[in-house]
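Worksheet: one structure, shown below.
Just so we're on the same page: letters track the sequence lines, and every chain starts at 1.
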Amino acid sequence: MPELPEVETVRRGLERHLNGQRIENVELRRPDLRFSFPEGFASRLKGRLVERIDRRAKYLLIRLDNGTTWMCHLGMTGRWTLLGANSTQGDDGKHDWVVIHLENGMRAVFSDPRRFGFMDLFETSEQGQNKFLAKLGPEPTPDYLTPMNLAENLRGRRTSMKAALLDQRTVAGLGNIYVCEILFRAGVSPRRTAASVASKLGITDRVTRITAATHDVIVEAIDAGGSTISDFVNVEGDLGYFSHSFQVYGREGSPCLSKACDATIRRIVQSGRSTFYCPSCQR
DNA sequence: AATCTATCCTGTTAGC
DNA sequence: TGCTAACAGGATAGAT
């Protein structure tokens with residue numbers, strides 16, 4: 001499944017192949033994915049030049065030459081594949097919903113079996129008003145996420161730390177796996193309330209540790225994504241390349257990997273999602 | 001106002 | 001062996 005580093009890898013791959021290319025034709029093979037495509041979607045893309053591609057959280061933002069942005073979210077199983085003019089490789093057909101025909105004869109194919117992905121079009125100048133982007137919190141990188149603004153976003157909230165970090169208004173782009181890993185590295189229990197982590201008095205040790213753990217996990221994951229998936233074309237499967245580094249995710253019943261800890265990783269359900277944590281290391 | 005729950009979807013896997 | 005049920009999860013709408 002595409003996690004943030006894979007979205008970033010896809011961004012780089014799309015940028016490499018789509019930048020400067022004109023969209024010659026767009027095939028829409030169904031009227032919706034997670035949501036309906038916007039009105040006139042295919043015709044509004046047709047004839048446009050791709051200027052560059054940005055990313056915000058897990059959203060791909062494809063900038064077109066007429067001042068519009070084509071937004072794409074990969075959902076759970078969304079994938080872009082670049083195919084040469086005569087190639088059918090990597091094209092399973094069954095879940096290929098959007099086919100972009102480029103001027104140079106290549107095709108960019110969006111497939112998504114579970115259809116949790118979605119696309120949108122908006123005026124780039126009105127990006128701040130886009131409903132998907134408007135409420136997002138800071139990116140999980142040092143330039144944006146600081147102990148100060150994390151503390152502000154947690155202060156007074158009665159919800160659990162797990163739920164607070166999954167909330168895209170707290171930090172943008174974190175998913176279930178990352179939140180589990182971040183809280184383990186920070187040594188903070190996922191069950192602890194946000195309010196107890198960010199005291200009224202100011203920045204706490206826990207806030208500092210969560211901030212640093214977030215920066216580190218994201219950087220490592222992006223590096224792992226970048227090094228493992230070297231070429232975006234014909235990406236192999238959805239297996240988590242970062243998964244070999246998991247300390248807690250999916251390790252229920254296995255020993256904690258911290259030195260001198262003999263506890264067992266536990267799984268609980270919070271907000272309808274699995275949480276993995278070490279009851280001894282995370283307090 | 002904040003926070004919880006159900007919903008969407010289907011391939012994979014665990015259990016009987 | 002073959003069936004069913006649980007599970008995965010981002011973001012939204014609606015309920016509390």
Sidechain-backbone polar pair: A:Glu51 side chain, A:Gly20 backbone, donor-acceptor under 3.5 Å: no
Letter per nucleotide, 5' to 3', of nucleotides 10-16 of chain B [B base touched, S only sugar-phosphate touched, - untouched; heavy atoms, 4.0 Å]: BS-----
Protein-nucleotide distance (A:Arg34, atom CZ; B:dC9, atom C1'), rounded to Å: 9 Å
Between B:dC9 (C1') and A:Asp32 (CG): distance, integer Å: 11 Å
Heavy atoms of other groups near A:Glu39 CD, more than 12 under 6.0 Å: no
Touch class at under 4.0 angstrom, heavy-atom based, for A:Gly117 against every strand present: nothing
For atom NZ of A:Lys135 and atom P of B:dA1, their distance in whole Å: 12 Å
Atom-pair distance (CG on A:Leu136; P on C:dA11), nearest Å: 8 Å
Contact under 4.0 Å: A:Tyr59 side-chain N or O vs C:dG10 OP1/OP2: no
Distance below 4.0 Å between A:Ser274 side-chain N/O and C:dA8 OP1 or OP2: yes
A:Lys46/A:Glu24 salt bridge by N-O under 4.0 Å criterion: no
Residue whose closest nucleotide on DNA chain B lies nearer the 5' end, A:Gly156 versus A:Arg273: A:Gly156
Check: A:Asp32 main-chain N/O paired with A:Ser36 side-chain donor or acceptor under 3.5 Å: no
Any residue of residues 158-169 of chain A with a heavy atom less than 4.0 Å from an atom of DNA chain C: A:Gln168
Parallel, tilted or perpendicular: rings of A:Phe118 and A:His73 (30°, 60°): parallel
Ring pair (Phe, Tyr, Trp, His ring centres under 6.0 Å) partner of A:Phe110, the single match among A:Trp70, A:Trp97, A:Phe37, A:Trp80: A:Trp80
Nearest-Å distance for atom pair CH2/C1', residues A:Trp97 and B:dC9: 11 Å
Spacing of A:Gln270 atom CD relative to B:dT5 atom P, expressed in whole Å: 12 Å
Between C:dG10 (P) and A:Arg79 (CZ): distance, integer Å: 18 Å
Sidechain N-carboxylate O distance under 4.0 Å for A:Asp96, A:Lys94: no
More than 12 heavy atoms from other groups under 6.0 Å of CZ on A:Arg191: no
Check: A:Gln270 side chain, A:Lys162 main-chain N or O, donor-acceptor pair, under 3.5 Å: no
Short side-chain N/O contact to C:dT12 OP1/OP2 from A:Lys131, under 4.0 Å: no
Interatomic distance where CG belongs to A:Asp120 and C1' belongs to C:dA11 [whole Å]: 14 Å
Any A:Arg267 side-chain N or O less than 4.0 Å from OP1/OP2 of C:dA8: yes
